Asker: 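The structure under discussion is supplied below as structure tokens; questions concerning it will follow.
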Amino acid sequence: MIDFELTDEQRLVRETAREFADKEIIPVARENDRNARFDTDLVKKLGEMGYLGSIVSEEYGGRGIDYRTYALIVEEVGRGDSSARTVVSVQTSLVCSSIERWGTEEQKQRWLPRLCSGEALGCFGLTEPDTGSDAANLKTRATRDGDGWRISGQKQWISLGNYAEVALIFAQTDPEQGHRGLAAFLVPTASDGFSSTEVHGKLGLRASDTAELALDDIAVGADALMGEVGDGFKVAMSALDSGRYSVAAGCVGICQGCVDASVAYSKEREQFGRPLAAFQLVQEMIADMVVDTEASRALVWRAGFLKDTGQPNTMETSVAKLYSTEAAVRSANNAIQVHGGSGYVDDYPVERYLRDARVTTLYEGTSQIQKLIIGRAVTGINAMTP
Ligand code: COS
């Protein structure tokens, strides 16, 4: 049974995260966005708060919190700024949770404490210039070299890629094996042959670091392999089960931010001698945002409940990700409408909400991919390929 009542501890975590977002994230969000500045001071503060790797167990430097509590933190950070939220999601869900689940004891000891504290950042290298939705079809190659490996290829749209100390790189070891030939490697970015280039000109998430990675015949030891050869696709998919959840929780924050901003603005701004909030068509837009916010939050908490109780949750995570990312785009669009001309400039957060929300229906699996995962789960028929 899903319990929607928060525990005292969860209330405290939410309250603390809310204050952190209000005091540390929101005051710098506009300038960071304008200057496309990846705010390393803010990253440091996120680490100090324990918001990086918080679901990792305490013995490896995490906070050992459950997924529902994690969603409360991610929602508040997402309400503040999706660029900061992306740091939390990538570091925690894609990198740390993968190392904790698939890494050797040595790999966990080597990377997790420093990633959880924020002393080091990690990135997730799955997507390539020619490989997005079709994640099994990677061109990056890993070939055996004595005990170790040599890795060559390119990765695209990699969040934190210019700042990461370790890159979780997915590579093909045997093209004839398809997805069963993939392997995951923990590659130190200081390795010879590793380089990154900043991606500019993004619609949103301007304060988030995005990179293209080049891997030119990088030599790594056998200890870089995470999981077995052939486990790579499962490592990636299980990481995305957590990453999609985190994106969804961040989008609940965007939706809530849209409600908060629209309620405040519509009560303050007057037209025709009455506050905007007194007009039925304005209330309709606000009511739609409220419904989107609450439905998204309930879906995220359901997926979190399933994760916390060890039940299968891939489909439910896709449902939460699909709904809340689309809801965030809708809500931000409505919020701009409520704000009128003022919503079109960055005096208010709503235009940034729209620009930042837009990528969430693309990354970590497009809305179309989520629909195909849901459709396959309920029909038992795979419609992924023609
Ligand atoms: N956790 C662990 N293992 C999983 C899994 C999960 N959530 N989902 C699938 N697997 C395993 C399956 O059990 C299967 O194992 P076997 O080889 O032992 O049979 C294997 O992975 C292949 O699974 P499946 O048949 O579902 O793979 P598909 O090729 O059909 O997957 C989709 C296709 C579209 C679901 C996948 O490629 C995908 O998610 N694409 C989107 C990628 C994405 O999100 N990119 C964004 C990157 S981050 S910006």
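FYI, side chains are in, hydrogens and waters are out, and symmetry mates aren't considered; it's all heavy atoms of this structure. Computed from a prediction, not measured in an experiment: that's the story for all the values here. Count residues from 1 along the sequence. As the structure lists them, so they are numbered: ligands from 1, and atoms in each ligand from 1.
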Asker: Please enumerate all residues that pass salt bridge (Lys or Arg N to Asp or Glu O under 4.0 Å) together with Glu351, with sequence neighbours excluded.
Answerer: Arg355

Asker: For atom 15 (O) of ligand 1, what's the nearest protein heavy atom and its distance?
Answerer: Lys234 CE, 3.4 Å

Asker: Apply side chain to side chain donor-acceptor pair (under 3.5 Å) to Arg376 and list each qualifying residue two or more places apart in sequence or on a separate chain.
Answerer: none

Asker: Please check whether Gly365 reaches ligand 1 - meaning an N/O of the residue sits under 3.5 Å from an N/O of the ligand, judged on distance alone.
Answerer: yes

Asker: Counting only heavy atoms, which portion of Arg244 has something under 4.0 Å from ligand 1: side chain, backbone, both, or neither?
Answerer: side chain

Asker: Against the six-membered ring of Tyr67, is Arg302 placed for a cation-pi contact (under 6.0 Å from the centre, within 45° of the normal)?
Answerer: no

Asker: Taking distance alone, with no angle check, do His179 and ligand 1 share an N/O pair under 3.5 Å?
Answerer: yes

Asker: For Leu240, counting its heavy atoms only, list the atoms of ligand 1 lying under 4.0 Å from any of them.
Answerer: 43 (C), 44 (O), 48 (S)

Asker: Would you please classify the geometry between the Phe233 ring and the His179 ring as parallel, tilted or perpendicular, with 30° and 60° separating the classes?
Answerer: tilted

Asker: Before we go on, tell me: are the rings of Tyr363 and Trp157 under 6.0 Å apart, centre to centre?
Answerer: no

Asker: Please state which part of Leu372 comes within less than 4.0 Å of ligand 1, counting heavy atoms only: side chain, backbone, both or neither.
Answerer: neither

Asker: I want to know whether Phe124 and Phe170 have ring centres closer than 6.0 Å.
Answerer: yes

Asker: Taking non-hydrogen atoms only, is Ala135 closer than 4.0 angstrom to ligand 1 via side chain, backbone, both or neither?
Answerer: both

Asker: Considering only heavy atoms, which of Arg101, Arg376, Met237 lies nearest to atom 26 (O) of ligand 1?
Answerer: Arg376

